[in-house]
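Counting convention: from 1, in listed order, for ligands and their atoms alike. This structure is a prediction, so every number in the text was calculated from the model and none was measured.
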Amino acid sequence: MNQFPKYLLLLILSSLYNTSINALYEAERDALYALKHTFNDPFINDNWNGLHCYGNASFWDGVRCVNGRVTAMILESRGLSATISVDAFVSLSELVTLSFKNNSLFGKIMDFSSNPKLRDIDLSKNMFDGPIPRSLLSLEFLQSLQLQDNQLIGPIPEFNQKRLTVFNVSNNKITGPIPGTGSLQLFSAALYSGNGPNASSGDSKKSVPTMLIVFDIIGLVTVILLLILYCKKSRELNKLIERYRLGEEDDEILEMGGVSYNYKESKEESREEIREESISHVHHVGVSTFAANEEEKGNLVFMGDEDAGFDLNDLLRASAEGLGKGLFGNSYKAKLEGRPAVVVKRLRDLKPLSDEEFTKLIRIIADQKHPNLLPLIAYYCTNDEKLFLYRFAKNGNLFNRIHGGRGTKDRIPMRWNSRLAIARGVARAMEYLHLNFNFSTCCVPHGNLKLSNVLLHEDDTVLVSDYGLASLVAIPIAAQRLVAYKSPEFQSSKRVSPKSDVWSYGCLLLELLTGRLSAHSAPPGINGVDLCSWVHRAVREEWTAEIFDMEISVQRNAAPGMLKLLQVAIRCCEKVPEKRPEMTEIVREIDSIKAVDSEELSDSADQSLTDESFSTTASTVLVVGDGRSW
Ligand SMILES: *[C@@H]1O[C@H](CO)[C@@H](O)[C@H](O)[C@H]1NC(C)=O
Ligand SMILES: *[C@@H]1O[C@H](CO)[C@@H](O)[C@H](O)[C@H]1NC(C)=O
Ligand SMILES: *[C@@H]1O[C@H](CO)[C@@H](O)[C@H](O)[C@H]1NC(C)=O
Ligand SMILES: *[C@@H]1O[C@H](CO)[C@@H](O)[C@H](O)[C@H]1NC(C)=O
C-alpha cells in the first residue's frame with residue numbers, strides 16, 4: 001500500500017513534467033540543501049530557506065552570490081560538526097571563496113576539481129584528516145590556502161600556482177619533504193611547522209626575514225582588500241533592504257529589487273532626467289515631465305464615480321517619486337496635497353489603436369470592479385502620452401513580501417494565515433475577471449498574474465493589478481513580457497486562453513507555498529526555478545518537507561491546509577490546459593481550507609516536519625487526494 005502511491009506518483013510526474021529547468025540554479029540549491037542536512041545546525045536549518053540568491057543579493061547566512069550564483073561560503077566559528085561529503089561542492093562552479101575556519105569538521109577534504117574559480121580556501125582549525133587533495137593543484141587562481149591546525153596526513157602536493165601568496169599547513173600530521181616548486185619555496189618553513197618528520201625541515205636558507213616582511217605586507221593588503229570588499233557587500237545588502245522597504249508597485253519594482261543595472265542602462269529613459277543616483281533609485285521629478293506637449297494637453301478622465309477631486313494641473317504640480325521601470329513603462333507615485341497618493345503608470349509599446357478603440361478597451365478595464373482588484377482611477381491619453389492612474393497600495397507587493405529581507409533582522413516571517421488569505425483574495429479576483437471576461441478584447445482575462453502584480457493594501461487586503469493590459473499590447477510584445485505566454489500551451493501551440501491564467505495562478509501558489517523564486521516571475525537576468533517541475537521532483541525524492549517555506553512549515557497545525565493548497569496548485573499547473581480546474585472551482589476549494597486558530601510554532605530544532613511521516617502524508621495526499629486524475 002505504501003509503495004503503490006509513490007510508484008504511481010513517480011509515473012505521473014515523470015510523464016507530465018518535463019519543462020526545462022534552470023539546471024544550474026537548481027543544482028546549486030540542491031547542493032546547499034545537502035550541506036544544510038549535513039550540518040544539521042539549528043541556526044542554518046532555520047535560516048537556509050526560501051530563495052538563496054537573488055541577483056547579487058544572498059538571503060542565506062554565510063552564502064554570497066553574484067548574478068544568482070553562489071560565489072562564497074563563509075561559515076566560521078559556528079561549532080559545526082560534521083563530515084562533509086567529498087563531492088559536496090561539485091555544483092558550485094562559481095565558488096571563489098570558501099571558509100569553514102574554526103569548526104569541528106572531520107573526514108577528508110572535499111574535491112575541488114569542479115571549482116576552477118576558487119581563490120581563497122580556509123579550512124583551518126578543524127579536524128580534517130586524510131591527505132591534502134591533489135585537486136587543489138588544478139586551481140589556477142588559488143591565492144590563499146589555509147589548512148593549519150587539522151589532522152592532515154601524507155605529503156604536501158607540488159603546488160606551483162603563481163598567485164599563491166598565503167599558504168599555511170602547520171600543525172598537521174604531514175610527512176615528507178616540502179616540494180621544491182617555486183611557489184612553495186617562497187614560503188617560510190614556519191608555515192609548515194608542527195608537522196611530522198621532515199615536512200618542517202624545508203629549505204631554511206630562503207626563510208630570511210625579508211621574505212617574512214614581504215608576506216606580512218601582502219597579508220595586510222589582502223586584509224584591507226577583503227575589508228573593502230566586505231564593506232561594499234554590506235552596503236549592497238543595505239541598499240537592497242532599503243529598496244524592499246520602499247518596494248510598492250507592480251512589476252516596476254522588480255527592477256528595483258535587484259536588477260537596477262537594467263534601469264541604469266536604459267538610454268531611452270534619459271529624457272526623464274533620471275539624475276539621482278540615490279540608493280533606492282527614487283528620484284523626484286515633476287509630473288509635468290509627462291505632459292511634454294503643451295498644445296496637445298489632454299485631460300484626465302476619471303472613471304465612474306471615482307472623481308478624486310483633482311485635475312491634470314494638480315497632478316502636474318504634485319511631487320512624484322519614480323517607482324522604477326516596468327514592462328509597460330515607468331511608474332511614479334504622485335503625492336497630491338491633502339489626498340491619498342496615486343500611482344501614475346506611463347504606458348509604452350502599446351499596439352497602434354485609434355482613440356475610440358483605446359477608450360473602449362480602457363472602459364472594459366475600468367468596469368472591472370471587485371474588492372480584490374486594484375481600481376483604475378483615471379487615465380490620460382494623447383498621441384504621445386498614455387497614463388493610467390491607480391490607487392497606491394500601502395503595503396507593497398507580494399514579491400517583496402515573500403522574498404524580501406530573507407536572512408536579515410528586518411524580515412517579518414509571513415505565516416500561514418496571511419498566505420492563505422492572499423491565495424483566497426487572488427483567486428476571488430481572478431474568478432471575477434474570468435466570469436466577466438469579454439473575448440472580443442483579447443484571449444486571456446488577466447494575462448500577467450505574478451507575485452509582483454499582487455499588491456497589499458492596508459490590513460494586507462489583496463489588490464490584483466495589471467489586469468487587462470494584455471489587450472493593449474501586440475502579441476509579439478505580450479509573448480515576451482507576459483506571464484501567461486510562458487505557459488506550456490504557448491510554448492507548444494502558440495495559443496493562450498483563460499486557462500493560461502489558471503496556470504499562472506498555480507505557479508503563484510507554488511511560490512507562495514515554497515518561498516522559492518519562480519522562473520516565470522523572476523525579474524529579467526535573475527534565475528528562478530521551474531517550480532512545477534521542482535515540486536514534483538521534491539515529492540518524488542521524498543524531501544517533501546523542504547517543499548514548504550520554513551516560515552510556514554514550522555506551523556505544525558497548518559500542515560493539512562498546506563497540503564491541500566499544494567494539491568490545488570499542482571492541478572492548476574497541469575500541462576494540458578483542459579485538465580486545469582476553473583477559477584470558480586478553485587475558489588470553492590480554497591474556501592474550504594481553514595485558517596489555523598493559533599500561530600503556534602513547533603520548536604525550530606524539532607525536525608518533526610522533515611521526518612518520514614510527513615513525507616508519507618504528503619505523497620499520499622498528493623496522490624490519493626480527492627481521487628482526481630491530475
Ligand atoms: C572558535 O569558535 C568557537 C565557537 O565554536 C569560539 O568560541 C572561539 O572563540 C573561536 N575561536 C577563534 C580563534 O575564533
Ligand atoms: C600558520 O598557522 C599557525 C598555526 O595556527 C600559526 O601559529 C601561524 O601564525 C600561521 N602563520 C601565518 C603566517 O599565518
Ligand atoms: C627528509 O627528506 C629527505 C629528502 O628531502 C629524505 O632523504 C630524508 O630521508 C628525510 N628524513 C626523514 C627523517 O624523513
Ligand atoms: C553583480 O556583480 C557583478 C560583479 O560584481 C556585476 O558585474 C553586476 O553588474 C552586478 N549586478 C547587479 C545587479 O548589481
Side-chain angles (χ1 to χ4, degrees), residues 35-36 38-48 61-62 72-84 97-107 109 118-132 136 142-157 159 161 163-179 181-227 230 605:
L35 272 174
K36 171 180 155 180
T38 305
F39 293 140
N40 194 16
D41 171 73
F43 181 79
I44 292 180
N45 282 343
D46 232 23
N47 181 269
W48 284 23
D61 198 68
M73 185 175 299
I74 298 167
L75 295 168
E76 298 176 347
S77 304
R78 300 296 192 100
L80 301 175
S81 171
T83 306
I84 299 180
T97 305
L98 176 67
S99 176
F100 288 139
K101 180 174 160 179
N102 187 25
N103 284 289
S104 303
L105 302 172
F106 39 91
I109 289 184
L118 262 177
R119 213 170 52 202
D120 300 298
I121 301 175
D122 191 341
L123 304 176
S124 63
K125 280 183 179 286
N126 276 286
M127 302 190 302
F128 285 108
D129 49 31
I132 299 177
L136 289 167
L142 192 65
Q143 283 176 7
S144 165
L145 180 65
Q146 307 216 55
L147 303 175
Q148 67 269 29
D149 304 302
N150 278 289
Q151 313 280 326
L152 301 172
I153 55 164
I156 300 175
F159 288 98
Q161 287 97 319
R163 296 177 173 85
L164 192 62
T165 47
V166 179
F167 184 81
N168 197 340
V169 295
S170 54
N171 293 339
N172 278 291
K173 295 178 181 161
I174 288 163
T175 48
I178 294 163
T181 60
S183 289
L184 290 187
Q185 289 303 326
L186 284 174
F187 294 103
S188 149
L191 303 185
Y192 314 105
S193 68
N195 277 298
N198 229 343
S200 52
S201 70
D203 191 349
S204 58
K205 278 167 280 165
K206 290 209 174 176
S207 63
V208 284
T210 46
M211 273 297 169
L212 284 180
I213 292 168
V214 167
F215 287 109
D216 277 354
I217 292 172
I218 291 172
L220 197 69
V221 169
T222 316
V223 166
I224 291 173
L225 283 178
L226 284 176
L227 210 67
Y230 175 78

**Message:** Checking the N or O distance criterion of under 3.5 Å, is ligand 2 in contact with Gln146?
**Reply:** no
**Message:** I'd like to know whether Leu142 forms a side chain to side chain contact (heavy atoms under 4.5 Å, CB included) with Arg163, so could you lay out the CA-CA distance, the side-chain angles of the two residues, the decisive distance to 0.1 Å, and finally the verdict.
**Reply:** CA-CA 6 Å; Leu142 192 65; Arg163 296 177 173 85; over 6 Å; no
**Ser170 N/O to ligand 2 N/O under 3.5 Å** = yes
**Prompt:** Where is the tightest heavy-atom contact between Leu184 and Phe159, given as atom of each residue plus distance?
**Reply:** CG-O, 3.6 Å
**Prompt:** Between the side chain of Gln146 and the main-chain N/O of Ser99, is any donor-acceptor distance below 3.5 Å?
**Reply:** no
**Request:** Please list, by chain and number, the protein residues whose heavy atoms come under 4.0 Å of ligand 1.
**Result:** Ser77, Gly79, Asn102
**Prompt:** Are any side-chain N or O atoms of Asn102 and backbone N or O atoms of Glu76, one a donor and one an acceptor, separated by less than 3.5 Å?
**Reply:** no
**Request:** Could you walk me through whether Asn172 and Asn150 pass side chain to side chain donor-acceptor pair (under 3.5 Å), step by step?
**Result:** CA-CA 5 Å; Asn172 278 291; Asn150 278 289; 4.7 Å; no
**Asn195 to Tyr192 - nearest heavy-atom pair and separation** = ND2-O, 2.8 Å
**Asked** Near Asn171, which atoms of ligand 2 are under 4.0 Å from a heavy atom of that residue?
**Response** 4 (C)
**Request:** Taking all non-hydrogen atoms of both residues into account, name the closest pair between Ile174 and Ile132 and its distance.
**Result:** CD1-CD1, 3.7 Å
